[in-house]
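Heads up: the structure comes next, in structure tokens.
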Amino acid sequence: MATAIYPGSFDPITNGHLDVAARAARLFDRVILAVARNSSKSGLFELDQRVGLIQQAIADLPGVEVSQFEGLLVNYARSIGAGTVIRGLRAVSDFEYEFQMALMNRQLAPGVETIFLMPRQEYTYLSSRLVKEVAGLGGAIEDFVPVAVADALRRRFPQSDVAGVSSAGDAG
Ligand code: PNS
């Protein structure tokens with residue numbers, strides 16, 4: 001049974017992540033989206049919330065599961081029998097960071113291979129960071145994230161700044 005791990009912060013999961021997960025699911029029997037607990041990086045959503053949102057988003061993807069981990073990714077990968085790490089590669093700008101991580105992971109665990117999958121072209125500009133920024137400023141994020149995530153973002157940023165933009169327009 002070929003198992004791959006797809007690690008990330010997933011704060012929150014986007015349609016780009018989901019697209020990569022779906023591609024990975026066509027290549028592996030089991031794909032585990034693993035949300036990293038990073039004590040030095042505080043996210044918008046708590047770890048459990050991120051896991052819950054992923055759970056809802058992957059409900060229709062057979063062979064895809066979600067978990068969380070702490071510590072070194074390669075140790076966790078080995079502990080669950082995952083021989084492959086999946087990472088999404090959107091643009092050249094991703095490459096440097098991904099290259100460093102992949103080679104460090106290879107040094108730490110030569111038996112764990114990293115493979116990169118490209119999301120659909122229309123998701124190549126998408127990132128959790130931008131989605132949060134747009135949501136925080138009242139922009140529409142429905143095209144970028146699964147329904148449950150869009151709902152969670154709306155709850156997180158209840159008052160839309162769009163109102164502010166239109167009143168500024170009225171004044172001008
Ligand atoms: O979505 P992100 O934030 O780009 O994901 C980065 C992640 C979680 C994959 C990376 O920070 C990671 O693997 N963290 C676990 C700790 C670890 O193994 N660090 C060494 C990586 S070379």
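Atoms considered below: every heavy atom in the structure, side chains included; atoms not considered: hydrogens, waters and symmetry mates. When a ligand or atom number is given, it counts from 1 through the structure's own listing order.
Under a 4.0 Å criterion applied to the non-hydrogen atoms of M104, ligand 1 contributes the atoms 22 (S).
Close to ligand 1: R87, with a non-hydrogen atom less than 4.0 angstrom away. Under a 4.0 Å heavy-atom criterion, G71 is in contact with ligand 1. Not a single heavy atom of Y76 sits closer than 4.0 Å to an atom of ligand 1.
Note that atom 12 (C) of ligand 1 has no protein non-hydrogen atoms nearby, at separations under 4.0 angstrom.
Among all protein heavy atoms, the one lying closest to atom 1 (O) of ligand 1 is S9 N, 3.0 Å. Distance from atom 8 (C) of ligand 1 to its nearest protein heavy atom, with residue and atom name: A36 CB, 3.4 Å. For atom 6 (C) of ligand 1, the nearest protein heavy atom (residue, atom name, distance) is Y97 OH, 3.5 Å. In terms of protein heavy-atom proximity, atom 10 (C) of ligand 1 is nearest to M101 SD, 3.8 Å.
Checking V85, L73, D94 against atom 18 (O) of ligand 1, the nearest heavy atom belongs to L73. Closest heavy-atom approach to atom 20 (C) of ligand 1 among the candidates L72, N38, I5, V35: L72.
Evaluation of the side-chain hydrogen bond (donor to acceptor under 3.5 Å, both in side chains) test over residues 98-108, restricted to residues two or more places apart or in two chains, returns R87-E98, R106-E113. Annotation: ring pair (Phe, Tyr, Trp, His ring centres under 6.0 Å) contacts involving residues 48-82, sequence neighbours excluded, comprise F69-Y76.
Judged by distance alone, the side chains of Q68 and D48 do bring a donor and an acceptor atom under 3.5 Å apart.
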